[in-house]
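Beneath this line is the structure, given in structure tokens, with notes to follow.
Each chain gets a letter, A, B and so on, in the order its sequence line appears, and its residues count up from 1. Only heavy atoms go into these numbers, but all of them, side chains included; no hydrogens, no water, no symmetry mates.
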Amino acid sequence: MIFDPPRSAPVLPIDEALPRLAEKLEETERVVLVAPPGAGKTTRVPLALLDARWRGDGKIVVLEPRRLAARAAAERMSTLMGDKLGETIGLKVRLQSLSGPKTRIEVVTEGVFARMILDDPSLEGVAAVLFDEFHERSLDADLGLALALDAQAALRPDLRLLVMSATLDGARVAKLMRDAPIVESQGRAFPVETVYLGRDPRERIEDAAARAVRRALAEQPGSLLVFLPGQGEILRLAARLEENLNDEAIDVCPLYGAMERAAQDRAIRPAAEGRRKIVLATSIAETSITIDGVRVVIDCGLVRAPRFEPDLGLTRLETLRVSRAAADQRRGRAGRTQPGLCYRLWEEAATGALPAFAQPEILAADLSGLLLDLAAWGARDPGELLWLDPPPAPACAEARALLQKLGALDAMSAITTRGKAMRRLPLPPRLARMALQAENFGAGERACELAVVLSERGLGGDSPDLAGRLERFARDNAPRARDGRRLAHGWAHALRSAARELDEKSAPIALSPGALIALAFPDRIARARGKRGDFLMANGRAASLEPSSPLAGAAMLAVAEVVGRAGASQIVAAAELAVDEFETLFGAEIVVRDETRFDAASGGLRRRETRRFGALTLAERNLPVEASLENAQMLARAAAAFGLDRLGWSKAQGQLRERVAFLRGAFSSEGDNPWPDLSEAGLAENPEEWLAPFILGRQKLDEIAAENFDAALAALIPWDLARRLEAEAPTHFVTPAGSAIALDYGGAEGPVLAVRVQELYGLAIHPSLAGGRAPLTLHLLSPAHRPIQITRDLPGFWKGSWAAVKAEMKGRYPRHVWPDDPAAAAPTTRAKPRGS
DNA sequence: CTCTCCCT
């Protein structure tokens, strides 16, 4: 039998589709229901399924995205059933659980369901799961559906899964659900006229919205609902309107999430008799909340949304254009109870360029909690489950890395004992890890209070100083604060049993708020640097505080939250971290590095000891450089890079290198060339080998002196080679006249002997080096050392041009000997004695 | 455009 609505219930568009839906669910375990807002699906569908045969005595679980929506749906169904909430209809949301032995339908939030199925994958006692408002695509709904499909395939083939969505994109979900049939229903709403006002992009949103408000007030009766991206815009517009509208019977009511519940209720309540209301709201008013008497909606066309940056490991806010689906939803708010009007602050032609749907949360969220849950499910990789949009790989990688750092996953991505303990707390992984550690130190209760202040916006005020916020939160008597304290207390209870199981007790110590934050966000421990208010975090990123903030003077901070772009991050939540507390908690992770390096500015080695924590340098000092081979090698490498020839070689050492280079060249065509490469480039190839052992204890380039090179060269040219060197590339040539003349090995044309020609009389063969392989280049000089001739063939010269040379020389130097056959003449260095 | 919303 199909549920028959009581006579008091109005006929709703969904009623006509209910028989078809019931029939499909008889035939198959998976169905998609597409029904626009106003169709009445949330309350009618669960009741209509109560009598289905497949239900047996199992429960129907209905998922709602928000607590408010869950409570409202449960209450309406209870009223229709004519009994009290907690009897046939149950409710389970955070801080509230109402159900009993008679409960057949249980309305839960998506987060509660994810917990339910993770704890009991076979969903014992559950006959069907209904995903309401699935088009909102929250992370928990996507996760819940993936797990439910997996559980159905493996454990519960009889489990009914019904996805209900307001948009017409049901086909994709149906395909994901192994080609589930789609049932469609009509919606119902009053007509809403749309007026496009456009907006100059250079104009501030508040200015454009203020103009639209004045126009609407003049043209239309009734209350107004204005959609703005965030709290800042709402408060600025409220201030502006209150200045301009002082004389009229108009109430301006801000409405956003961080407000106290009572103030939210005032904003939602219908306007008082004879007055008009302007509600300035974020996207909070898009769904779930109906404000009676709203005839006009003004939509600025923007929405602020979080985006997780995997490479930063943090979430920042972006202001985006609203999606077409959300814009239509906003417009629909004007037609809930009567025909209405919607002013849009963009051009009609621009509507087509808006994205069709908002981005599903799974594509832009921090996935650390999701991956931990999946690991508990037994899936080390999200690819093992079915997803409408698979979680993106970079965010998965970041989440996995974080969970491994927190000790929740092992290297194989399997969940650890600690990971299981963390999951017993209803907290994101970082905060769960912090709470567990704090409990081990005896500070669990305090950690839970901090977790509440960090996750419930606005509690304890909005100053960046979390220590102050924690104190104000403890004294605050507002309902939200009291709820928050209850929450912290509940978490502390769960924490104690989780910690007992894990058994990692340490000695009790007092933990400051800063220390607690540091346990959750060790990568955001920060140190002051430069200007007051400038900090560097352990993850290498800069972040700053207003210099006027009292926290700005701290030496160290533990940062919980930053906003803004990478280059200009503002700290919005942090606490001072005492240095000794940091040392106690993180001493084991501080890396002490004793590093000697070459310092180009001073041209020498420097040894520094640094204590580092991530990117933070905690302390630095200079130490005396050790006289080790390793350091000598470093200096030798630096010398090669600096340019070896710019160092203090003696002249003799230079000539030695030239002589060796000459021999190396002379023997180059022979197989086994024993001569080393002593050119600057050749020596630069292995300075650690030939130079380092001979500069032990030297610290600066200008301390490397000729004596070091002497020793180095002696090693490069061992004794037998040195002997050959003297023989085959001597420093001097001894002339027939008996004088030793230095040879020049530096020229490009080979070794050169510059000698007065007279000294060579008696030399019949051309002198050569390298065992006869290389003739000397002779620069023959006059008695006054003027050049006469260059030759590499002395016998040829004697026989050839000597006659002409001799004649000229005789004329110029008549007192010297100029024989006709110099090859046979006696060498001389002197002129003939006067008068002989 | 210097804090969206929600949830265990």
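- Within 4.0 Å of A:Glu110, counting heavy atoms only, lies no atom of the nucleic acid at all.
- Residue A:Glu233 is in base contact, counting any heavy-atom pair closer than 4.0 Å across all strands shown.
- The CG atom of A:Leu374 sits 19 Å away from the P atom of B:dT8 (whole-angstrom rounding).
- The shortest distance between the side-chain N/O atoms of A:Thr282 and the OP1/OP2 oxygens of B:dC5 is below 4.0 Å.
- B:dC3 atom P lies 15 Å from atom CG of A:Leu302, rounded to whole Å.
- A:Thr109 comes within contact range of the sugar-phosphate backbone alone, with a heavy-atom separation under 4.0 Å but no base atom that close.
- Contact check, A:Arg94 against B:dC7: no side-chain N or O comes under 4.0 Å of OP1 or OP2.
- Comparing A:Glu206 and A:Asp140 by the nucleotide of DNA chain B whose heavy atom lies nearest to each, the residue mapping closer to the 5' end is A:Glu206.
- Taking every side-chain heavy atom of A:Glu456 into account, B:dC7 is the closest of B:dC7, B:dC1, B:dC5.
- One atom, CG of A:Asp483, and another, P of B:dC7, lie 12 Å apart when rounded to the nearest Å.
- The backbone N or O of A:Glu286 sits less than 3.5 Å from a side-chain atom of A:Arg333, completing a donor-acceptor pair.
- Counting any heavy atom pair closer than 4.0 Å across all strands shown, A:Leu425 reaches no nucleic acid atom.
- The nearest whole Å value for the distance from the OH atom in A:Tyr256 to the C1' atom in B:dC5 is 14 Å.
- Of the candidate nucleotides B:dC1, B:dT8, B:dC6, B:dT8 has the atom nearest to the side chain of A:Arg67.
- Nucleic acid contact class of A:Val572 (heavy atoms, under 4.0 Å, all strands): base.
- Atom pair A:His493:NE2 and B:dT8:P shows a separation of 18 Å (rounding to whole Å applied).
- Per the geometry, CZ belonging to A:Arg199 stands 12 Å off P belonging to B:dC1, to the nearest Å.
- In this structure, the nucleotide among B:dT8, B:dC5, B:dC1 sitting nearest to the side chain of A:Arg115 is B:dT8.
- Distances from the side chain of A:Arg204 to the nucleotides B:dT8, B:dC6, B:dC1 place B:dC1 closest.
- Mapped onto DNA chain B by nearest heavy atom, A:Thr319 and A:Asp373 fall at different nucleotides, with A:Thr319 at the one closer to the 5' end.
- Under the 4.5 Å side-chain criterion, counting only non-hydrogen atoms from C-beta, A:Val452 is in contact with A:Phe473.
- Between A:Ile571 and A:Leu557 there is a side-chain heavy-atom pair separated by less than 4.5 Å.
- Nucleic acid contact class of A:Pro229 (heavy atoms, under 4.0 Å, all strands): sugar-phosphate only.
- With rounding to whole Å, A:His489 atom NE2 is found 19 Å from B:dT8 atom P.
- Atom CG of A:Leu143 is separated from atom P of B:dC6 by 20 Å (rounded to the nearest Å).
- Listed for the A:Arg480 side chain is no donor-acceptor partner under 3.5 Å among the backbone atoms of A:Gly484.
- Residue-level contact check: A:Leu427 touches the bases, meaning some heavy atom is under 4.0 Å from a base atom.
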Mind running side chain to side chain contact (heavy atoms under 4.5 Å, CB included) on A:Leu345 and A:Asp299 for me, showing each step along the way?
-> CA-CA 6 Å; A:Leu345 300 188; A:Asp299 183 0; over 6 Å; no
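- Within a 6.0 Å sphere centred on CG of A:Asp389, other residues, nucleotides and ligands contribute more than 12 heavy atoms.
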